[in-house]
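I have placed the structure first, in the form of structure tokens, so that the comments after it can refer back to it.
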Amino acid sequence: MNQKKVLVGMSGGVDSSVAAQLLINSNLGTTGVTLRLYEGEKCGSLNDVRDAAEVCEKLGIEHLVLDLKNQFENAVIDKFIAEYQLGNTPNPCIECNKHIKFGEMLKFAKSEGFDYIATGHYAKIQKQGDRFVVVKPKDKSKDQSYVLYSLNQEQLGSTVMPLGDLTKAEVREIAEAKGLITAHKSDSQDICFVPDGDYTDFISKWLGVTFPEGDYVDVNGKVIGRHKGMIRYTIGQRKGLGMGFGKHMYVLDKSPLENKVILGDEDGLFKKSVVVKDVNFMAMESLTSPMDCLGKLRYRHNEQPCRITPIDENTLLAEFTEPQRAPTPGQAAVFYDGDTVICGGVISR
């Protein structure tokens, strides 16, 4: 029987390093690949490529470098900027997973004769009935199922995630025991192409424009101050408004067409329902009737009881038992049955 071949994405971090080791242990023909995505400090930087190459040499496997900078710019950076200009707060990591890691990398793998791709995500892929689904990992503190909601059945069926049954501490122990240089490398926290976290500065430099000041208005439309460019603000924000109002004020909404930022009391942030568009169904082919489940409205949000109801084939209404703080257009809403991802989409304005 021919040995199955797997192409594992090697970011230069400990998780993907150990994923490669576990694949080798499973007697899979393993090759590492590092994606060059952006000419910056991260996203496949030269340091990451070097570290990944050294790990592959230590493991005795081939290491490839795949240049996807153009594809990354078109599918991730351009969309990120466009969404911000529309007043939304996008999650580029989800787009990168959908189009780059499980899109372009998988396409390359298939063209080169690999049976599977693999990543160092903390999640599991399981077959439930006739559907592939993403399931939460053993280490709930590292759970990345939220950012994987957009994967389709072909992508899920062609992917291996070896870290689903390990904790982060166990992953580092494996790396240390093997003598991998990534064993104690710190995790990346920021969006890779905006390492300093200043989205406004990045977008301004990328587009070569500055964003005009405009009015702060209250919930009644009364002008109460001036903002320094709508792109600087996100729903739920309190700090960094640049002026005092005599009490705590929060960004409740934005009006891109009028270049206005709407401020108000924190109570105004709580909503019981959201409309979710561009829904990808994972546990079922479609939603035909209301369903009770758990909903997660941002990466660090604890899932809350809700009911999802179809509006059309790829749009749904999520109604929560209790009001949720600051659901933000552009962010992902992901829905669970226990530990299993049912579906997910983008919170609509």
Side-chain angles (χ1 to χ4, degrees), residues 71-107 121 123 125 131-134 143-159 191 199 234-236 253-254 256-257 271-291 293-301 303-304 306-320 324 326-337 340-349:
Q71 294 92 325
F72 184 77
E73 180 178 328
N74 293 333
V76 181
I77 296 179
D78 287 349
K79 183 169 183 178
F80 173 80
I81 291 173
E83 287 294 306
Y84 254 102
Q85 289 179 292
L86 291 172
N88 298 329
T89 305
N91 188 326
C93 298
I94 291 173
E95 296 300 317
C96 184
N97 283 333
K98 180 179 179 180
H99 298 290
I100 304 299
K101 292 175 183 172
F102 300 92
E104 295 294 336
M105 188 173 92
L106 178 58
K107 186 192 304 181
H121 284 94
I125 298 174
R131 305 282 295 182
F132 288 102
V133 294
V134 170
D143 175 25
Q144 293 177 296
S145 60
Y146 172 85
V147 297
L148 299 170
Y149 83 82
S150 66
L151 303 188
N152 62 37
Q153 291 296 296
E154 180 188 2
Q155 291 167 331
L156 291 169
S158 302
T159 301
I191 293 174
Y199 310 139
T234 190
I235 291 174
D253 204 350
K254 299 188 288 185
L257 292 177
K271 310 291 183 186
K272 284 200 73 170
S273 64
V274 294
V275 174
V276 183
K277 64 179 182 178
D278 301 332
V279 177
N280 179 58
F281 292 99
M282 195 171 284
M284 75 280 280
E285 191 170 329
S286 63
L287 184 68
T288 56
S289 60
M291 179 179 184
C293 59
L294 298 172
K296 186 180 179 81
L297 298 180
R298 62 184 65 83
Y299 185 62
R300 295 298 180 191
H301 181 232
E303 301 100 273
Q304 298 296 318
C306 67
R307 172 170 289 184
I308 53 176
T309 303
I311 295 175
D312 59 37
E313 63 181 11
N314 63 357
T315 310
L316 60 80
L317 174 69
E319 299 171 285
F320 286 84
Q324 301 300 304
T328 304
Q331 289 287 291
V334 181
F335 302 96
Y336 294 81
D337 177 9
T340 300
V341 175
I342 300 169
C343 63
V346 179
I347 298 172
S348 176
R349 180 166 296 279

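All heavy atoms count here, side chains included; hydrogens, waters and symmetry mates do not. This structure is a prediction, so every number in the text was calculated from the model and none was measured. Residue numbers start at 1 and run along the sequence shown.
Using modelled atom types, one finds a donor on one side chain and an acceptor on the other under 3.5 Å when comparing Thr234 with Thr89.
Looking at heavy atoms from C-beta onward, Met105 lies out of side-chain contact with Ile100 at the 4.5 angstrom threshold. Taking the side chain as every heavy atom from C-beta outward, Met284 and Met291 approach each other to under 4.5 Å. Between Val134 and Tyr149 the shortest side-chain heavy-atom distance does not fall below 4.5 Å. A 4.5 Å side-chain heavy-atom check between Leu287 and Phe335 finds every atom pair outside the cut-off.
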Side chain to side chain contact (heavy atoms under 4.5 Å, CB included) between Leu297 and Gln331: does it pass, once the steps are laid out? CA-CA 7 Å; Leu297 298 180; Gln331 289 287 291; over 6 Å; no

Derivation of the side chain to side chain contact (heavy atoms under 4.5 Å, CB included) call for Cys343 and Val276: CA-CA 11 Å; Cys343 63; Val276 183; over 6 Å; no

Please evaluate residues Leu151 and Thr159 with respect to the criterion side chain to side chain contact (heavy atoms under 4.5 Å, CB included), reporting the C-alpha separation (whole Å), side-chain torsions for both, the decisive distance (0.1 Å), and the verdict. CA-CA 10 Å; Leu151 303 188; Thr159 301; 5.6 Å; no

Apply the test side chain to side chain contact (heavy atoms under 4.5 Å, CB included) to residues Ser348 and Thr315: give CA-CA distance (whole Å), side-chain angles for both, the deciding distance (0.1 Å), then the verdict. CA-CA 9 Å; Ser348 176; Thr315 310; over 6 Å; no

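The aromatic rings of Tyr84 and Tyr199 sit tilted relative to each other, their planes meeting at an angle between 30° and 60°.
Taking the charged nitrogens against the carboxylate oxygens, Lys98 and Glu95 have no contact shorter than 4.0 Å, which rules out a salt bridge.
Of the inter-residue distances, the one linking Cys93 atom SG with Leu148 atom CG reads 11.0 Å to the nearest 0.5 angstrom.
Every residue meeting the ring-ring contact (aromatic ring centres under 6.0 Å, His included) condition with Phe102, not counting sequence neighbours, appears here in chain and number order: His121.
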